Amino acid sequence: MPGDAVALARFLIGVTVVSASEDGRTSARIVETEAYLPGDAAAHSFRGPTARNRSLFLSRGHAYVYFIYGNHYCLNVSADRAGVGAGVLLRAGEPLEGKEIMRVRRGAVADEDLLRGPGRLAQALGIGRSHDGLDLCAAGPLWLASGSGAEAEIGVSRRIGLSKEIERPLRFFDRHSRVVSGPKRLR
DNA sequence: TCACTGATCGTCT
DNA sequence: GACGATCAGTGAG
């Protein structure tokens, strides 16, 4: 697994996330990510470890799940060595396994809307607080599997939804996927 | 397609 | 007590 958040954010495009729950198994191909770096004023880790963000400081490959705006969970992957606060936010994915389970969780929406956006992605995969801190490279309810092998053509833009560090080119996406979030000018 | 708004609540100041 | 790595709904162009 790559050694910093930018490399990991690029690496994760095309990788498969798999979630196994009581409802069944769901999986998706990751098509959009954002990197949050150490010393990045927009990152949750910026002010140092707290009870909420401590998973960002785990060694790379652990889940950081947080609850935002009173409604939504978002899934990140910790991205550096233990003690360094860095992560990659999973922003969008294409459904692979378990579309019907996703539709039960998300409602009867089009395939491309099932996991478009970080809150929707977490909801479709059934992710919540219990997934915080999991090792995504080990057996368990949530893990990362290798991608299809096909090399994705990766686009870069600024990140979405921030009030700080808004110009940094730290959002990465598959140029050929129709399933990416945010305003059209950023695709 | 874009702009704006309300919902809703955990976390940190 | 304010605000946030969001979303769904609404209305205008």
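These values consider heavy atoms only, across backbone and side chains, with no hydrogens, waters or symmetry-generated copies. First the proteins, then the strands, lettered A, B, ... as listed; each starts at 1. Since the structure is predicted, the reported quantities are computational estimates derived from the model, not experimental observations.
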Q. Any idea which heavy atoms bring A:C74 and A:P118 closest together, and the distance?
A. SG-CB, 3.8 Å
Q: Kindly confirm or rule out a cation-pi arrangement of A:R129 over A:F67, judged by NZ or CZ under 6.0 Å from the six-membered ring centre and within 45° of its axis?
A: yes
**Q.** Protein-nucleotide distance (A:E32, atom CD; C:dA5, atom P), rounded to Å
**A.** 16 Å
Q. Across all strands shown, which nucleotide pairs with B:dA3 by Watson-Crick or G-U wobble geometry, both distances under 3.5 Å?
A. C:dT10
Q. Excluding sequence neighbours, so at least two apart, what forms salt bridge (charged side-chain N to carboxylate O under 4.0 Å, His left out) with A:D4?
A. none
Q. For nucleotides 4-13 of chain B, read 5' to 3', which letter fits each nucleotide if B means a protein heavy atom sits under 4.0 Å from the base, S means only the sugar-phosphate is that close, and - means neither?
A. ---BBBSSSS
Q: Would you mind reading off the distance between A:L75 atom CG and C:dA5 atom P, rounded to a whole angstrom?
A: 16 Å
(Q) Is the base of C:dA5 stacked against the aromatic ring of A:Y66, taking ring centres under 5.5 Å apart and planes under 30° as the test? (A) no
Q. Is A:R106 near enough to C:dA8 that one of its side-chain N or O atoms lies under 4.0 angstrom from OP1 or OP2?
A. yes
Q.
So, does A:R171 get its side chain near the phosphate of C:dA5, meaning an N or O under 4.0 Å from OP1 or OP2?
A. no
(Q) Any non-hydrogen side-chain atom of A:E32 less than 4.5 Å from a side-chain atom of A:R171? (A) yes
Q: Decide side chain to side chain contact (heavy atoms under 4.5 Å, CB included) for A:L75 and A:L142; before the verdict, give the C-alpha distance in whole Å, the side-chain angles of both, and the deciding distance to 0.1 Å.
A: CA-CA 11 Å; A:L75 173 63; A:L142 184 68; 4.2 Å; yes
Q. Given atom CZ of A:R168 and atom C1' of C:dA5, what is their separation to the nearest angstrom?
A. 14 Å
Q) Any side-chain donor paired with an acceptor under 3.5 Å for A:Y64 and A:H44? A) yes
Q. Roughly how many Å is it from CG in A:L37 to C1' in C:dA5, rounded to a whole number?
A. 13 Å
**Q.** Phosphate contact (C:dG4 OP1 or OP2) by A:S163 side-chain N/O below 4.0 Å
**A.** yes
Q) Does A:R116 put a side-chain nitrogen or oxygen below 4.0 Å from OP1 or OP2 of C:dC7? A) no
Q.
Between A:R168 and A:L37, is there a side-chain heavy-atom distance shorter than 4.5 Å?
A. yes
Q. 5'-most contact on DNA chain C: A:G117 or A:K164, nearest heavy atom basis?
A. A:K164
Q | Whole-Å gap separating P (C:dA5) and CZ (A:F46) | A | 13 Å
(Q) Please report the distance, rounded to the nearest Å, between NE2 in A:H44 and P in C:dA5. (A) 4 Å
